[in-house]
Amino acid sequence: MAHTFQRARSEEQRAQRRQAILDTTASMLAEMPVAQVSLNELSRRVGLAKSNVLRYFESREAVLLELLDVACREWLEYLEGALPSGVDADAPLPERGDRVVAVLVASLADRPVLCDLTSSQAAVLERNVSPAVAAEFKRTAIVNVGALAGLICAQVPELGGEDAGRFAAVCVMTTGAVWTHAQPSAAMLAVYEAEPALAAMRIDFAATLREVLEVMLSGLLARAAR
């Protein structure tokens with residue numbers, strides 16, 4: 001439902017407007033992919049002129065980058081409990097590594113909006129923002145990757161802090177890449193259905209991401225052991 005707002009006259013009102021824009025965009029992302037979220041439709045739903053929306057966020061991409069940070073922090077909060085409960089601390093190292101990956105992948109598969117935003121980050125969302133917004137996003141991204149590395153290292157201390165950071169960064173980047181390839185267009189779906197031989201090119205998000213991350217983690221652990 002669209003809202004109708006009067007002009008914000010205090011910092012509290014401005015904060016309310018910003019939150020309304022974020023909440024409305026989040027509801028849109030529950031209905032449609034990032035690529036279909038338009039500033040015009042957002043303005044209509046939130047009950048503000050497009051020029052007024054731009055008073056609070058400099059672009060559509062700035063809104064989506066903030067939502068990406070919110071979604072990432074919510075994911076990390078979930079992992080704080082899910083990783084310790086999903087990984088047996090007394091299990092052999094290979095088993096612990098595989099369980100860490102399994103928890104990560106399952107949690108990402110359950111968060112399609114986070115995956116979609118991540119897949120759009122570098123190619124789309126970072127392309128229409130000012131240096132100030134870009135810098136703020138990168139600062140929070142560094143913090144989030146560091147937090148993910150810490151959660152992973154707590155379950156696989158043999159990895160070490162530096163390699164845990166490498167693995168966390170690869171996890172994020174690979175999630176975006178695999179998600180993109182695991183969302184075929186209508187034309188590709190039609191091709192796969194018409195030509196079963198080509199359907200072998202279709203990838204499953206969770207299975208592919210799990211395999212890539214298992215190999216990456218195993219490789220880092222093997223190198224650390226040398």
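Any value given below was found using the heavy atoms of this structure, including those in side chains, with hydrogens, waters and symmetry copies removed.
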Visitor: Can you name the closest pair of heavy atoms from Leu29 and Pro33 and give their distance?
Guide: CD2-C, 4.5 Å
Visitor: So which heavy atom on Ile203 is nearest to which on Val178, and how close?
Guide: CD1-O, 4.0 Å
Visitor: Flag the pair Gln121 / Phe137 as yes when at least one side-chain heavy-atom distance between them is below 4.5 Å, and no otherwise.
Guide: yes
Visitor: Work out which heavy atom in Gly165 is nearest to a heavy atom in Val145; give both atom names and the distance.
Guide: O-CG1, 4.2 Å
Visitor: Are Arg210 and Asp98 within salt-bridge range, i.e. N to O under 4.0 Å?
Guide: no
Visitor: Does Arg111 count as lying over the ring of Tyr78, i.e. NZ or CZ under 6.0 Å from the six-ring centre, within 45 degrees of the axis?
Guide: yes
Visitor: Can you confirm whether more than 12 heavy atoms, excluding those of Met188, are under 6.0 Å from its CE atom?
Guide: no
Visitor: Does any pair with a residue in residues 151-200 pass ring pair (Phe, Tyr, Trp, His ring centres under 6.0 Å), and if so which ones, sequence neighbours excluded?
Guide: Trp179-Phe205
Visitor: Under 4.5 Å between side-chain heavy atoms, hopping through other hydrophobics if needed: is there a path connecting Val101 to Val170?
Guide: yes
Visitor: Determine whether Leu83 and Leu93 fall in the same hydrophobic cluster, where Ile, Leu, Val, Met, Phe, Trp and Tyr are linked whenever their side-chain heavy atoms lie under 4.5 Å apart.
Guide: yes
Visitor: Any side-chain heavy atom of Glu126 sitting closer than 4.5 Å to one from Lys138?
Guide: yes
Visitor: Same cluster or not: are Met32 and Val63 linked, directly or through other Ile, Leu, Val, Met, Phe, Trp or Tyr residues, by side-chain heavy atoms under 4.5 angstrom apart?
Guide: yes
Visitor: Is the count of non-hydrogen atoms from other residues, nucleotides or ligands lying under 6.0 Å from Glu193 atom CD greater than 12?
Guide: no
Visitor: Rounded to the nearest 0.5 Å, how far does CG of Leu159 lie from CZ of Arg166?
Guide: 9.5 Å
Visitor: When hydrophobic residues are tied together by side-chain contacts of less than 4.5 Å, even through go-betweens, does Val172 share a cluster with Val212?
Guide: no
Visitor: If hydrophobic clusters are built by linking Ile, Leu, Val, Met, Phe, Trp and Tyr wherever their side-chain heavy atoms come under 4.5 Å apart, do Leu108 and Val215 end up in the same one?
Guide: no
Visitor: So how far is it from Asp88 CG to Gln155 CD, rounded to the nearest 0.5 Å?
Guide: 10.0 Å
Visitor: Enter the distance from Glu214:CD to Glu211:CD here, rounded to the nearest 0.5 Å.
Guide: 8.0 Å
Visitor: Short question: side chain of Glu58, backbone of Ser130 - any donor-acceptor pair under 3.5 Å?
Guide: yes
Visitor: Taking Ser107 for the side chain and Leu104 for the main chain, is one N or O donor matched with an acceptor at less than 3.5 Å?
Guide: yes
Visitor: Side chain to side chain contact (heavy atoms under 4.5 Å, CB included) for Leu22 and Val70? Distances and angles first, verdict last.
Guide: CA-CA 10 Å; Leu22 290 170; Val70 170; 5.7 Å; no
Visitor: Under a 4.5 Å cut-off applied to non-hydrogen side-chain atoms, are Ser119 and Asp116 in contact?
Guide: yes
Visitor: Got a sec: does the CD of Glu162 have more than 12 other heavy atoms crowding it under 6.0 Å?
Guide: no
Visitor: Check the pair Cys171, Leu213 against side chain to side chain contact (heavy atoms under 4.5 Å, CB included), reporting the backbone distance first and the verdict last.
Guide: CA-CA 7 Å; Cys171 179; Leu213 294 183; 3.9 Å; yes
Visitor: Going by heavy atoms in the side chains, are Ser43 and Leu48 under 4.5 Å from each other?
Guide: no
Visitor: Looking at Val129 and Leu65, what are the two nearest heavy atoms and their distance?
Guide: CG1-CD1, 4.0 Å
Visitor: Between Ala206 and Val105, what is the shortest heavy-atom contact and its length?
Guide: O-CG1, 3.5 Å
Visitor: How long is the gap from OG1 on Thr208 to CZ on Arg202, to the nearest 0.5 Å?
Guide: 11.5 Å
Visitor: Show your reasoning for whether side chain to side chain contact (heavy atoms under 4.5 Å, CB included) applies to Leu39 and Leu54.
Guide: CA-CA 9 Å; Leu39 192 56; Leu54 295 175; 3.8 Å; yes
Visitor: Between Arg45 and Glu41, does any NZ, NE, NH1 or NH2 come within less than 4.0 Å of an OD or OE carboxylate oxygen?
Guide: yes
Visitor: Give the intermediate values and the outcome of side chain to side chain contact (heavy atoms under 4.5 Å, CB included) for residues Thr118 and Cys115.
Guide: CA-CA 5 Å; Thr118 301; Cys115 295; 5.6 Å; no
Visitor: Would you say Leu79 and Leu148 make side-chain contact, with heavy atoms under 4.5 Å?
Guide: yes
Visitor: Atom CZ in Arg96, atom CG in Leu217: separation rounded to 0.5 Å?
Guide: 10.0 Å
Visitor: What heavy-atom pair brings Ile21 and Leu42 nearest, and what distance separates the two atoms?
Guide: O-CD1, 3.9 Å
Visitor: What's the spacing between Arg60 CZ and Lys50 NZ if we round to 0.5 Å?
Guide: 12.0 Å
